[in-house]
Amino acid sequence: MEYDFRRIEKDWQKKWKESNAYKVENDFSRPKCYVLDMFPYPSGAGLHVGHPLGYIASDIYSRYKRLKGFNVLHPMGYDAFGLPAEQYAIDHGIHPALSTENNIRNFRSQLDKIGFCFDWDREVNTSKPEYYKWTQWIFLQLFNSFYNRQTNRAEKIEALIKSFETVGNAIHHSALTTHPFSADEWKKYDEKKQQDILMQYRLAYCGYGEVNWCEALGTVLANDEVVNGVSERGGYPVVKKKLRQWYLRITEYADRLLEGLDKVDFSEAMKEMQTNWIGKSTGAEVEFRVGSRESGVSLRVYTTRPDTIFGVDFMVIAPEHELVEKIKSKEQTAAVDEYIAYVKSRNERERMAEKKISGVFTGAYALNPFNGREIPIWIAEYVLAGYGTGAIMAVPCGDQRDFLFAKHFNIPITNIIGSHYNGEEANPTKDAILENSDFINGMIMKDAIDVVIKKIEQMGIGVRKVNYKMRDAAFSRQRYWGEPFPIVWKNGIAYPLDEKELPLELPHVDSYKPGPEGEGPLANIPAWTAKNLETNTMPGYAGSSWYFLRYMDPHNDKTFCDRKISDYWNQVDIYIGGTEHAVGHLLYSRMWTKVLYDLNLIGFDEPYKRLVNQGMIQGSSRIIFIIDFIGYKGNIMGHEAANEDRLHTKPVAVSYDLIEDYIDDGDVSISNLFNRLSAYSVTLKGLDSEYNFTSASAVGRHVNINLVDGFFLNIDEFKKERKEFSDVEFIYDTTKGFTCKSEVEKMSKSKLNVVNPDDLVMKYGADTFRMYEMFLGPVEMSKPWDTKGIEGVHRFLKKFWRLFTGETERLIVTGEEPTAEELKVLHTAIKKIENDTERFSFNTAVSAFMIATNELTDLKCHKRKILEPLLILLSAYAPHITEELYHLLGSSYPLSPDSYRDGEGAGAEGSILNASYPTFEEKYVKETSKAYPVSVNGKLRTTLNISLDAGQPEIEKLVLENAVIQKWLGGKPPKKIIYVKNKMINVVI
RNA sequence: GCGGGUGUGGUGAAAUUGGUAGACAUACCAGACUUAGGAUCUGGCGCCGUGAGGCAUGGGGGUUCGAGUCCCUCCACCCGCACCA
């Protein structure tokens, strides 16, 4: 009986759909497991083989956990708002809602073919009003909350108002509020003033600030959406601009976001990335008086190394620093202005591209607060306005940048670390003993840090200070395709909409052009502006910051997620997705979770317990080389040939195995190539004695990977597909074939290296495809896609099928009792597969299936008692074939998830496997002796049978006690200890 | 520059706490059955050597009876951050 995977998969997918087989109930009585994939942005490009990798892994894990008796939540949805759909709308005039819907339909049909167990009843779509109603609602919670630094949590803004009304801002003084006020003063402020102050506390707030403005996209971008000075999407230039924007006060959560990393199971790399992004550093802010005592001007710098304060040889302030204008001396004014103009002329990208040392002296001096030394103040690009105070104290002997600057401008360098500084480069050590350092002379630098900070605080010229690289996140976009803000503006005051007015639906627009003065398209709609509604929309990450909660209770129209239900499903047990969201989505959703937790709306403050980052599947491109010869009539080497003497042959494509030795930087060594070509007796048109060929150049061209078998190109198909190459002559060894060069690149349409899962599913079936994707290697590892090898997995499934079915008979499964040998095969496999599945090592689990199948085939074992448990396990990996075989068996062990839910097949511990099949050791430790390899002085000598009584505890003890070894050595005691690791015995004599 | 990771056959890769390195698969070679097969099956397959045997986990060194695994050092590649004071 044939393994007719096409029929089988079609049938079962239909059956699953009709019976809603994967519907998940919020059944509080059962243990839960929440397995989540990062939901996709439904782009128009469709799926390539890299996309489903994570979904397959999570699907296998979900099905496995379900087998083990867990109530598994494994949902899928769409992150549907975003820039590309809107760009597409601008270019093609198709409404984003329409194109998104189309893309989703495509996506869904591709996913369905792979046989996932998603509960589609729980599908979420961030662009649907039913969903974004709650995104807006959560935004209002953020807007109506502030971070209470006393209690270290978010609280309702009312609590803050109450505090203001009783004690003013004595307790809660925001970083932005410079002036203290009393309760009475607060009460006297008009509403505008009060609201302006409150805005400085809200977790979602509106304010003026430097933002990343992308002209091409017509919007601002968050820091994580800007990569190397260009936009992450599209790669357009980004400039700094001062604009009124909405922000998320994520900086208040910096410490908790850091601490939270200790509680979650993320990779070191991921934790590192988030830690770097938050960029916490501790140090001090120190005030230096500028110029004379009377000037009253002072310069605040931030430093992590107050211990080096006597090594300060100059100060540097950022070009944008407010003191620039105040302190520049008359003599230096011209130079300073010129430098500032120069800096302004350079954009972000230029600054990053060439980091040259530049700067100018202000003419002003700061005074070292300890010894009154005059320190020149410079302006330089390398000090950033946005970090710390925008000013630094430069210590050239300890900081390489300061060192290079000092050398460049001939500023004398003070050495405070003795021999640790060699005059060649700075040494940032903290272990040196301080010299030339007044009252901290002789101290180790590490210890001096604290001493100096204390002294600074005593003198009232500075404070201990923690700094973060992370900035508040820009939360508004001048775009159409996003959630509208539930905000109404009146007299310059932002008022939240009433909850009852949600969702504030996105209105229809006819044009996606930006509104006046850099506003979003919503500003073009009179009905919208008439109501004074906010015209910006929320960024892409708004909807994705909380979607994992909505899956739990997707149809609730009373609340974003019922508290009882979120208490049940709780944290995501395992979250699977790429690393590209390391500092965007993952940080934002962690922050939102913490806010919701603080406001007592959910019961946990970290969304994801464990994170698995799937590797990128790269494309493996195939390239052929097309060579053009240019020849001339007669021997005119070195001369300019007349046109009519010129011959341009038809291009030839030369097989890579013939050409590779003869190509050097894209040029072809003609004589070598000709020798080669003549060896294959190739005649080129026009290639005769009449012409001298003086140049040839090879151009690599991508060819469609699907027309290549391994490295061998199917020339006929290629010519059919690419008409422009129809008259190219192909030169290759006909006994082998025409070979292409391979290159690992990103999978993309233009590289012609996209492998579509649909094609593979069509050819080998979904089960083969699923298992092959897993068999490729560890899920976390990036690797180029290679379809070679899928045959092996397919063969395995056919082989497995043949264990159950005969040539003609439907089933050849018998009811015989298994032998010990067969049981051992089974239990070895169960143990390995369960272990591997649990720890996400799917590639080795697939191997274990193959080994078991091979061995059972060798044993000609068709016994139900052996095959059935294996079949159950395989159902996690290859659900279609297993359903079919179960159906054929008419088994009492149900495979359909519906029945699992009823608990029919589940054993006491929730595991069919554990309940019915004790492990091999449990059943067969009746063995009386076991053979151990024995090595003497590190060399393997023999195996030794050692008697074992059932249940004997540790072999190590056993060996030492009954001295089998001694006996074997002829009574001589071994010189050294015998090391036994339950696997091997080593003897030293 | 800083941080993280990886390095094992022709290829993808195994080796759970230090215990017979290369499982499983693919490619390749040989063979069987076939009218034929891109079906199925058997054998071989790290390198050197006819052989016994020797050498092999990026290079070098160390700890250990024993190292792919632990330590030191150097090299190569990948990823992330990058004037963050």
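Order of the sequence lines fixes the chain letters, A, B, ..., with proteins taken first and strands second; residue numbering starts at 1 for each chain. Predicted model only: the values in this text are computed from it and were never measured.
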Item to check | Any side-chain donor near an acceptor of the partner, A:N854 and A:K799, under 3.5 Å | outcome: yes

Item to check | Distance, C1' atom - from B:U69 to B:C79, rounded to whole angstrom | outcome: 24 Å

Checklist entry - Can you tell me if the side-chain N/O atoms of A:N843 get under 4.0 Å from OP1 or OP2 in B:A14? => result yes

Checklist entry - So A:F314 and A:W378, would you call those rings parallel, tilted or perpendicular, with 30° and 60° as cut-offs? => result perpendicular

Checklist outcome for this item: By salt bridge (Lys or Arg N to Asp or Glu O under 4.0 Å), A:D759 pairs with (sequence neighbours left out) none

Checklist entry - Nearest nucleotide by nearest heavy atom, which residue falls closer to the 5' end of RNA chain B, A:T857 or A:T579? => result A:T857

Checklist entry - OP1 or OP2 of B:A85 sitting under 4.0 Å from any side-chain N/O of A:S281? => result yes

Item to check | Nearest-Å distance once atom P is located in both B:A15 and B:C24 | outcome: 14 Å

Checklist outcome for this item: Reading nucleotides 24-30 of chain B from 5' to 3' and marking B where a protein heavy atom lies under 4.0 Å of the base, S where only the sugar-phosphate is that close, and - otherwise, the string is BSS----

Checklist entry - What is the distance from OH of A:Y468 to C1' of B:A85, rounded to the nearest Å? => result 17 Å

Checklist entry - Can you give the dot-bracket line for RNA chain B, using ( ) for pairs inside the strand, [ ] for pairs that cross earlier ones, | for pairs with another strand and . for unpaired bases, where Watson-Crick and G-U count if both distances are under 3.5 Å? => result (((((((..(((......[....))).(((((.......))))).(((....)))..(((((..]....))))))))))))....

Item to check | For A:S281, all residues meeting side chain to side chain donor-acceptor pair (under 3.5 Å), sequence neighbours excluded | outcome: A:Y302, A:Y387

Next on the checklist: Is a donor from one side chain sitting under 3.5 angstrom from an acceptor on the other, for A:S358 and A:Y382?
Outcome noted: no

Next on the checklist: Measuring to OP1 and OP2 of B:A85, would you say a side-chain N or O of A:Y302 lies under 4.0 angstrom away?
Outcome noted: no

Checklist entry - How many Å lie between CD1 on A:I617 and C1' on B:G12, as a whole number? => result 11 Å

Next on the checklist: What's the gap between B:G4 and B:C71 when it is taken at their P atoms, as a whole Å value?
Outcome noted: 14 Å

Next on the checklist: Among residues at least two apart in sequence or on other chains, which ones pass side chain to side chain contact (heavy atoms under 4.5 Å, CB included) with A:E855?
Outcome noted: A:V825, A:I851

Checklist entry - What is the glycosidic conformation of B:G9: syn, defined as within 90° of 0, or anti? => result syn

Checklist outcome for this item: Taken to the nearest whole Å, CD/A:Q400 to P/B:A85 is 16 Å

Next on the checklist: Against the six-membered ring of A:F775, is A:R770 placed for a cation-pi contact (under 6.0 Å from the centre, within 45° of the normal)?
Outcome noted: no

Checklist outcome for this item: Hits for side chain to side chain contact (heavy atoms under 4.5 Å, CB included) against A:K798, two or more places apart or cross-chain, chain-then-number order -> A:Y3, A:H794, A:R802

Next on the checklist: Applying a 4.0 Å non-hydrogen cut-off, can you work out what A:R802 is touching in the nucleic acid: base, sugar-phosphate, or nothing?
Outcome noted: sugar-phosphate

Checklist entry - Who passes side chain to side chain contact (heavy atoms under 4.5 Å, CB included) against A:H585, sequence neighbours left out? => result A:S544, A:Y547, A:Y575, A:H581, A:S589, A:Y608

Item to check | Same-atom distance (C1') from B:G22 to B:C55, integer angstrom | outcome: 15 Å

Checklist entry - Rounded to whole angstrom units, what separation is found between the CG atom of A:N467 and the P atom of B:C83? => result 16 Å

Next on the checklist: Can you identify which nucleotide, out of B:G12, B:U40, B:A85, has its nearest atom closest to the A:L776 side chain?
Outcome noted: B:G12

Checklist entry - For A:T275, which contact category applies under a 4.0 Å heavy-atom criterion: base, sugar-phosphate, or nothing? => result nothing

Item to check | Partner set under salt bridge (Lys or Arg N to Asp or Glu O under 4.0 Å) for A:K465, not counting sequence neighbours | outcome: A:E285

Checklist entry - A:E580 CD to B:G80 C1': how many Å, rounded? => result 13 Å

Next on the checklist: I'd like the P distance from B:A27 over to B:G12, given in whole Å.
Outcome noted: 15 Å

Item to check | Under 3.5 Å side-chain donor-acceptor pair for A:T844 and A:S847 | outcome: no

Checklist entry - Using atom C1' of each nucleotide, how far apart are B:U16 and B:A23 to the nearest Å? => result 14 Å

Checklist entry - Quantified in whole Å, what is the P atom distance between nucleotide B:G66 and nucleotide B:C78? => result 37 Å

Item to check | Length of the CD1-C1' vector between A:I392 and B:C83, whole Å | outcome: 10 Å

Short heteroatom pairs, N/O only, protein and nucleotides 3-10 of chain B, under 3.5 Å:
residue	atom	partner	partner atom	Å
B:G3	O2'	A:E272	OE2	2.8

Item to check | Rounded interatomic separation in angstrom, taking CD1 from A:I453 and C1' from B:A85 | outcome: 14 Å

Checklist entry - Got a sec, which residues hit salt bridge (Lys or Arg N to Asp or Glu O under 4.0 Å) with A:D472, two or more places apart in sequence or on another chain? => result none

Checklist outcome for this item: Quick note, side-chain hydrogen bond (donor to acceptor under 3.5 Å, both in side chains) partners involving residues 772-785 of chain A, not counting sequence neighbours, are A:W785-A:T787

Next on the checklist: Just to verify, what does A:D4 make a side chain to side chain contact (heavy atoms under 4.5 Å, CB included) with, not counting sequence neighbours?
Outcome noted: A:R6, A:R7

Next on the checklist: For a quick check of understanding: with a heavy-atom distance under 4.0 Å over all strands, which category does A:K798 fall into, base, sugar-phosphate or nothing?
Outcome noted: sugar-phosphate

Next on the checklist: Work out how far the C1' atom of B:C29 is from that of B:C45, and round it to whole angstrom.
Outcome noted: 8 Å

Checklist entry - Rounded to whole angstroms, how far apart are NZ on A:K783 and C1' on B:G12? => result 9 Å

